[in-house]
There are 2 protein chains.
Amino acid sequence: MGTGLIGTSVALAVSGRGVTVFLSDRDPAAARTAAALGAGLARAPGEPVDLAVIAVPPSQVGAVLTDAQERGVARAYTDVASVKAGPERAALRRAPDPARYIGGHPLAGRERSGPLAARAELFRDRNWVLTPSRLTSDEAFERALELVALCGAHPVVMHSRDHDAAVAVTSHVPHLMASLMAARLGEGPAGLARVAGQGLRDATRIAAGDSRLWGDILQANAPAVAGVLKDLHADLSRLVPALDALARGGAAERDLGMRTLVDLLERGISGLAGIPAAGHGRTADAASPERHGVLVRVAERPGELARLIAAVTDLGGSAEDAAAGLSGGGPGLTVRFAAPAGTAGRLVTALAADGWDAVREDDGGRPAREGREGRKDTRIPTA
Amino acid sequence: MGTGLIGTSVALAVSGRGVTVFLSDRDPAAARTAAALGAGLARAPGEPVDLAVIAVPPSQVGAVLTDAQERGVARAYTDVASVKAGPERAALRRAPDPARYIGGHPLAGRERSGPLAARAELFRDRNWVLTPSRLTSDEAFERALELVALCGAHPVVMHSRDHDAAVAVTSHVPHLMASLMAARLGEGPAGLARVAGQGLRDATRIAAGDSRLWGDILQANAPAVAGVLKDLHADLSRLVPALDALARGGAAERDLGMRTLVDLLERGISGLAGIPAAGHGRTADAASPERHGVLVRVAERPGELARLIAAVTDLGGSAEDAAAGLSGGGPGLTVRFAAPAGTAGRLVTALAADGWDAVREDDGGRPAREGREGRKDTRIPTA
C-alpha cells in the first residue's frame, strides 16, 4: 500500500522471489507504473493477503492501517516509515486489531523518489528494524521476519522509542545539518562551485531528499530531533569562540582554541569507529575482531613497493591499512599489512612463493589492530 | 617537498608522464617509501629544478618556501595547501623571491594519509585552484599550469582571499559539522550503530581525516571559518524553536514550525543544484544547458516498463530523470526521459527501430529541464 520508492522496491524484491503482490496507491498512475515495472498486480486482492506492507509517510501510517484493518485486507500488517513511536501509538489507540501490526523500518533509501527509482536490491544486506509493540502477535512478527528475509535484509528488533532516539542522531539531524550546509551554498561567496569537491557532495547528498516526505518524517520525530539539535547547538556555541580565538586571540587563547578544536576532531574520529562499514550490519571492529600483521621486506627500487601492493591485492589481501617503515638502520623498507587472523598465514605463504621476503608478525605485546591513520614516521621492527 | 598523500600523488602523476622527480620529506622513511612506490628519486637534485611542489600543512608553507628559496632549489615554487591567504602573506613578507611563488590547491583528497595512500589518478578531472599574488611572475604561473595539466586536472584561477572564503563554506565548515555529528555518535543512545545507514556514512566520512592536519588547516583559515560557523549557529538558533514547536506547540505554532522546516529543506535542495556533479568542474546546469524530452508509450504488461528502461540505458540514455504518467484516460503509460538536446533525436530513432512507440516531446512552452524529484502524480500529455 503505497508504491513510492520503498513500497515499489519491496514489491520488486518479493515478486522476484515468487510472492504474489497486489499494488495500491492513492495515485493510480503510481500503482500502474509499479505494475508495469514487474512489481505486482495493480488491483485489490480478492481475499485477505498474508501481509500488508504500508509504505506511506509516517503521519499517514495510522490512518492507512486503521482503514485497511477495517476492510480486513490482510492477516498481518507492517509499515516501513522511518519513525516508529507515532505509528505504534496510532495502532494501539485507533486500529481495530493492533495485535496484527508490527512496525518496521528498512535502513535503505535513495535521494530519488517514486516507483521509477525503485530497486529490487535496495534492501540487500541492510538492517531492517522491527518494533513489536506490547500487543504484537507472534504471527505478525513472523510474517514481518519473512518479509525481511525475502528482501535479503537483516532483522534488528528494537523498542520504537529507542529506534526513534537512535535515528534522530544517525539520520534526522544529519539530514537537517546537510540541508543547513547546502542552503549556505546557495548564499555563499562567488566561485564557490569551483572549489566544491567530493567531500562536500557526500556531506550534503542526503539534503536532496523529497522535502515534503522529510518534513513529515522530522515532524513525526520532532521531540527526539529537537533534543539532539539542542545538543548540537550547544556544541556549536562552544566551537564558535574557539575559532574566534584562533582567528583573533593572543597566544594563550589560541592554544586553548586549538585544544578545543583538536579534541572535537578526535572525538569525531572515535565516533566514526562505532558505525558499521558499508554493507555490514556490524561495526568494523565487530566484523574483524582479530587481525594479524604480515611484514614484507622490500628493496628500495623504484616501483618495487607498487609491485608488492599489487601482489597483495591479487592474493586477496588489502593494502588499505598498510604502513611502511625503515628496516632497521640499513637499506630496504618493511611494509606491514593487516590481514584477518584466518588468512594472514596463507598470505605469507603465497607471497613467499612469489619470491617476497614475507613473515607473520610476532603478535606478542603488539596491538592486534592499529589506528586508521597512515603512520609515516613509524619505525617497524624487522621480524 | 613533503611526501604525504598529496605530495606523493603529484609525484606519481608527473613521474608517470616522464618528468624527473626528486622527493624529500622531514621523515626520510616517507620519502623512501614514495620512491619505492615509483614516485621519483629520494635524493636532492644536483641543480635547481623547474618547479618545487611544497606539499606540507598550511602553517608550514611559509617556512619551507623561505628555506627552499634561500637554498635556491627551484626556478619556480608552488604549494598544495587547502588555505591560500596565509601562505601568500608569508611568501610576500618572508620569502627571498616571492615572484617565483604561486599558491595552489588541488580539490582532491582521501581520508587516509601518508605516501601509501597516494594515487597517480587522484587529481584527474578535478579542479586545481591557482592563486597568483600581485608579484607572481608569468614563468611561475606557466610552470604551475603545466603541473596541473600533467596531473590531468582543470586549472581555476582565484584570488587567495576568495578561495579561502569559498573553501570555508564548501570544505572546512562541512568538516567541522561532520566531526560534531560523528562525535555525537560516540555519545548517542544504545542501538545507534544498528540504525546507521549509507546516508550517515557519507555525511560523516570527511570527519575521518587526520586531526593534526585538519587542526592546522582550520587554524589557518580561522577567520573565514568562524564567520560561516556563526551564520550556521544563527540558522540553528532559528531551527531549534521550529522543531520545539512541532514537538510541543499548538496548531498555529506547529504550522509555523513546519513552514520554517520545509523552507529550510527546500533551500537545501536549491543549494545542491549549484554544486557540480562528480567528475565535473561545472554544475549540472552548466554541463547540460539543454535537455529535450523523449516520450515513450508503454503497454501495461508486467515488466514492460523495466524492459523499456533497460533499452534506454543500453542505447546510452539515462533513466535517472524518467517520469511515468497515464496516457490520457485509457490504458497504457507514457514515460518521459530527459536526454541531452543533441542525442534526443537519435534515442527516438533507435527506440523506434526496436519497436517502441517513441516520439520527441514538443518543446513549445515546456521547460527544458524539470525538477529532480520523481513526479508520481504528474499527468503527461500524449505527444
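These numbers come from a predicted model, not from an experiment. Below, chain A is the first sequence line, B the second, and so on; all start at residue 1.
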Quick one: which of [options] has the most heavy-atom pairs under 4.5 Å with chain A, could you say?
options: Leu200(B), Ile309(B), Leu41(B), Asp162(B); result: Leu200(B)
options: Thr33(B), Thr170(B), Val169(B); result: Thr170(B)
options: Glu304(B), His175(B), Arg205(B), His163(B); result: Arg205(B)
options: Val225(B), Leu239(B), Val262(B); result: Leu239(B)
options: Gln219(B), Arg184(B), Met181(B); result: Arg184(B)
options: Asp235(B), Val298(B), Leu261(B); result: Asp235(B)

Contact part of [X] toward chain B, heavy-atom cut-off under 4.5 Å: side chain, backbone, both or neither?
X: Ala207(A); answer: both
X: Asp216(A); answer: backbone
X: Val195(A); answer: both
X: Thr204(A); answer: both
X: Leu333(A); answer: side chain

For this session: Below 4.5 Å from any heavy atom of chain A, which atoms of Ser237(B) appear? Answer side chain, backbone, both or neither.
Result: both
Exercise. For Leu192(B), is it the side chain, the backbone, both or neither that has a heavy atom under 4.5 Å from a heavy atom of chain A?
Worked result: both
For this session: For the pair Arg112(B) and Asp210(B), find out whether any cationic side-chain nitrogen is under 4.0 Å from an anionic carboxylate oxygen.
Result: no
Exercise. Does the distance from a Lys or Arg side-chain N to an Asp or Glu carboxylate O, for Asp263(A) and Arg267(A), drop under 4.0 Å?
Worked result: yes
Problem set entry | Donor-acceptor side-chain pairing of Asn127(B) and His154(B) below 3.5 angstrom | no
Problem set entry | Close side-chain approach of Leu232(A) and Met177(A), heavy atoms under 4.5 Å | yes
